[in-house]
Amino acid sequence: MNLYDKWTNMVTEFVKTKGEIAFWNEYKNVELKIYKNILGSKEFSFKSTIKDLSFKYEISEDFIVGFIDGINESLQTQIDIENISETDELNFDIDVEKLYFNMLDAKADYLYTLPEWKNILSSDKIKDITSNWRSSKIVVNTVKIGRNELCTCGSGKKYKKCCGK
């Protein structure tokens, strides 16, 4: 069984035995511990193994795999998480702006509101990233449906008599 499968199985068992809220509280503490260190030290490019990260942060290897899964989209080069071992040297080259955007996207307010961000990104940059994130969530329908056209839902009725009411 690969480490990623071990991580997902551990999450399933944790939730079954202790509940979903307990899992997210535990995972939140893991993320806070690691991100406070990374953001505080401004160490955005480093190499490490899962075993070393587990020892450094005093966190189980399973939760370290979960952390890697969470940060993976914010890395310059993503890690093939399904094919790693505890002793593989992994390259963490973090795109800080992408990380902040992804934290907004995950609604992880406990992470994107950390005071350490003020020493990394300017307030204008934070506003810009937040604005870009908000605009990425807005759906704009560029095709205007005429009231006498057939409805797009496929009912066969005119739009004005169906979904256009």
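For this chain, numbers begin at 1 and follow the sequence in order.
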Just wondering, are more than 12 heavy atoms of other shown residues or ligands nearer than 6.0 Å to [atom1] in [X]?
X: E43; atom1: CD; answer: yes
X: K160; atom1: NZ; answer: yes
X: Q76; atom1: CD; answer: yes
X: F55; atom1: CZ; answer: no
X: E58; atom1: CD; answer: no

Taking atom [atom1] of [X] and atom [atom2] of [Y], what is their separation to the nearest 0.5 Å?
X: D95; Y: D93; atom1: CG; atom2: CG; result: 8.5 Å
X: D128; Y: W133; atom1: CG; atom2: CH2; result: 14.5 Å
X: F101; Y: E73; atom1: CZ; atom2: CD; result: 10.5 Å
X: Y112; Y: K107; atom1: OH; atom2: NZ; result: 9.0 Å
X: L3; Y: D62; atom1: CG; atom2: CG; result: 8.0 Å
X: N29; Y: I34; atom1: CG; atom2: CD1; result: 11.0 Å

Donor-acceptor pair, side chain of [X] and main chain of [Y], under 3.5 angstrom:
X: T130; Y: I126; answer: yes
X: K125; Y: E97; answer: no
X: T49; Y: E89; answer: no

Show the nearest heavy-atom pair for residues S74 and N102, with the distance to one decimal.
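Looking at all heavy atoms of both residues, the closest pair is OG-ND2, 2.8 Å.
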
Can you see which heavy atom on L121 is nearest to which on I129, and at what distance?
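Shortest heavy-atom contact: CD1-CD1, 4.0 Å.
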
With side chain to side chain contact (heavy atoms under 4.5 Å, CB included) as the test, would you mind laying out the steps for L99 and W117 before giving the verdict?
CA-CA 11 Å; L99 178 63; W117 281 109; 4.0 Å; yes

Would you say Y110 and E31 are linked by a side-chain donor-acceptor pair, where the criterion is simply a distance under 3.5 Å?
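Yes, because at least one side-chain N or O of E31 sits under 3.5 Å from a partner of the opposite role on Y110.
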
Side chains of D88 and S85: do they bring a donor and an acceptor to under 3.5 Å?
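Result is yes, a qualifying pair exists.
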
Only pairs at least two apart or in different chains count here, so list each salt bridge (Lys or Arg N to Asp or Glu O under 4.0 Å) that has a residue in residues 129-140.
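Sorted pair list: D105-K137.
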
Plane angle bin for F92 and F46 - parallel if under 30°, tilted between 30 and 60°, otherwise perpendicular:
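Judged by the thresholds at 30° and 60°, the geometry between F46 and F92 is parallel.
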
